[in-house]
Asker: 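My structure is below; once you've seen it, I'll send some questions.
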Amino acid sequence: MANIDEFVLDWRVKLQWIAFFTLWVLWGLVSSLRYVLADDNKTAAAQPADAEGGGGEKKAWAAQGGFAGRLANAHRVLFENTVLLLSVLVLNTIATGSTRAVLILTWIFFGFTVIAAFTEIGVNHRFVRLIFSLVFYGVTLAIGGLAFSQGFYA
């Protein structure tokens with residue numbers, strides 16, 4: 001393959017990074033919305049008293065608080081997938097690996113991430129999260145595999 005200067009000038013590689021940047025913009029938008037729509041009426045002191053009286057213990061890792069909690073879940077999905085996509089795109093770019101296949105996989109990853117983020121706002125189900133996480137894992141493995149199989153040649 002060509003050197004890295006020629007590789008990054010390829011239009012397919014540019015479209016890969018456009019997908020990443022669009023995902024980053026969505027993550028920033030949801031992050032900003034989280035602060036605007038956060039529920040500030042709840043205090044930390046009131047939560048332990050509610051937990052003692054209710055008898056049920058809430059898990060610390062589970063998002064709580066209605067819409068604000070679901071928005072936090074969507075933010076988490078966008079953040080984690082932005083980092084995942086960044087890592088494999090950097091790997092593919094440094095390797096001067098695949099262009100067309102990674103372009104297609106990147107936009108598939110982007111599409112599923114947007115669907116997953118909006119699903120987190122509307123649906124709170126572990127099975128749905130499992131399916132989406134397996135899709136994300138598979139796509140990032142494929143992009144990384146393509147980087148190693150088609151890249152790192154002198």
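For the numbers below, each heavy atom of this structure counts, side chains included, while hydrogens, waters and symmetry mates do not.
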Asker: Contact between Trp11 and Thr99 at the side-chain level, heavy atoms closer than 4.5 Å - yes or no?
Answerer: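 In short, these two side chains do not touch, never coming nearer than 4.5 Å.
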Asker: Taking side chain as C-beta onward, heavy atoms only, is Ser32 less than 4.5 Å from Leu29?
Answerer: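 Result no, sub-4.5 Å side-chain heavy-atom pair not found.
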Asker: Measure the shortest side-chain to side-chain distance between Asn92 and Phe7 over non-hydrogen atoms and say whether it is less than 4.5 angstrom.
Answerer: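 In short, these two side chains touch, coming nearer than 4.5 Å.
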Asker: Quick one: closest heavy-atom pair of Arg70 and Gly122, and the distance?
Answerer: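 So the minimum-distance heavy-atom pair works out to NH1-O, 3.0 Å.
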Asker: Shortest non-hydrogen contact from Ala72 to Arg34?
Answerer: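 Shortest heavy-atom separation between Ala72 and Arg34 comes out as CA-CD, 3.8 Å.
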Asker: Is a side-chain donor or acceptor of Ser31 paired with a backbone partner of Trp27 at a separation under 3.5 angstrom?
Answerer: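 Judged by distance alone, no pair lies under 3.5 Å.
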Asker: Hey, could you give me the CG/CG distance between Asn73 and Leu78, rounded to the nearest 0.5 Å?
Answerer: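 If we round to the nearest 0.5 Å, Asn73:CG and Leu78:CG are 11.0 Å apart.
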Asker: Out of curiosity, does Ile143 fall in the hydrophobic cluster containing Val83 (side-chain heavy atoms, cut-off under 4.5 Å, transitive links)?
Answerer: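 In one cluster with Val83: Ile143, yes.
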Asker: Can you get from Phe127 to Phe112 by hopping between Ile, Leu, Val, Met, Phe, Trp and Tyr side chains that sit under 4.5 Å apart?
Answerer: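 No, it is not one cluster - the side chains of Phe127 and Phe112 are not joined through contacts under 4.5 Å.
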Asker: Under 4.5 Å between any side-chain heavy atoms of Glu120 and Arg129, yes or no?
Answerer: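 When only atoms from C-beta onward are counted, Arg129 and Glu120 do touch, with a gap below 4.5 Å.
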Asker: So which atom in Ala74 and which in Ala117 form the shortest heavy-atom distance, rounded to 0.1 Å?
Answerer: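 Heavy atoms of Ala74 and Ala117 come nearest at CB-O, 3.4 Å.
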Asker: Measure the spacing between CG of Leu105 and CG of Leu146 and express it to the nearest 0.5 Å.
Answerer: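 Interatomic distance, Leu105 CG to Leu146 CG, rounded to 0.5 Å: 6.5 Å.
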Asker: Using a 3.5 Å distance criterion without hydrogens, assess whether the side chain of Arg100 forms a donor-acceptor pair with backbone atoms of Arg12.
Answerer: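 Side chain of Arg100 to backbone of Arg12: no pair is present.
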Asker: State the CD-CG distance between Gln16 and Leu89, to the nearest 0.5 angstrom.
Answerer: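 Reported value, rounded in 0.5 Å steps: 6.0 Å.
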Asker: Nearest heavy-atom pair of Leu130 and Ser133: which atoms, and what distance?
Answerer: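 Reported closest heavy-atom pair: O-OG, 2.8 Å.
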Asker: Would a 4.5 Å heavy-atom cut-off, applied to side chains only, mark Val128 and Ile131 as touching?
Answerer: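 Side chain of Val128 against side chain of Ile131, heavy atoms only: no contact under 4.5 Å found.
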Asker: Apply the hydrophobic cluster definition, ILVMFWY joined by side-chain contacts under 4.5 Å directly or through others, and give me every member besides Tyr137.
Answerer: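 Once heavy-atom contacts under 4.5 Å are chained together, Tyr137 belongs with Leu141.
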Asker: In terms of relative ring orientation, are Phe110 and Trp107 parallel, tilted or perpendicular, with 30° and 60° separating the classes?
Answerer: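 Perpendicular: the ring planes of Phe110 and Trp107 meet at over 60°.
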Asker: Determine whether Phe132 and Val77 satisfy the following criterion, side chain to side chain contact (heavy atoms under 4.5 Å, CB included), listing intermediate values before the conclusion.
Answerer: CA-CA 10 Å; Phe132 278 124; Val77 166; over 6 Å; no
Asker: Within the 4.5 Å heavy-atom criterion, are Ile121 and Phe118 side-chain neighbours or not?
Answerer: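 Result yes, sub-4.5 Å side-chain heavy-atom pair found.
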Asker: Indicate yes or no: at least one non-hydrogen side-chain atom of Thr93 is less than 4.5 angstrom from one of Trp17.
Answerer: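 Yes - at least one pair of side-chain heavy atoms lies under 4.5 Å apart.
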Asker: Yes or no on side chain to side chain contact (heavy atoms under 4.5 Å, CB included) for Leu91 and Phe152, after CA distance, side-chain angles and deciding distance?
Answerer: CA-CA 10 Å; Leu91 176 67; Phe152 292 113; 4.1 Å; yes
Asker: Would a single hydrophobic cluster contain both Phe79 and Val36, if residues Ile, Leu, Val, Met, Phe, Trp and Tyr are joined by side-chain heavy-atom contacts under 4.5 Å?
Answerer: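 Hydrophobic grouping puts Val36 with Phe79.
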Asker: Do Thr140 and Leu85 have side chains that get closer than 4.5 Å, going by heavy atoms?
Answerer: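 Contact flag for Thr140/Leu85 side chains = no.
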Asker: Determine, stepwise, if the pair Leu84 / Asn81 fulfils side chain to side chain contact (heavy atoms under 4.5 Å, CB included).
Answerer: CA-CA 5 Å; Leu84 278 173; Asn81 287 356; 3.7 Å; yes
Asker: What is the distance from atom CD1 of Ile4 to atom OG1 of Thr96, rounded to the nearest 0.5 Å?
Answerer: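 Going from CD1 on Ile4 over to OG1 on Thr96, the span is 7.0 Å.
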Asker: Which is it for Val30 and Leu71 under the side chain to side chain contact (heavy atoms under 4.5 Å, CB included) test, yes or no, and what are the steps along the way?
Answerer: CA-CA 7 Å; Val30 170; Leu71 195 60; 4.1 Å; yes
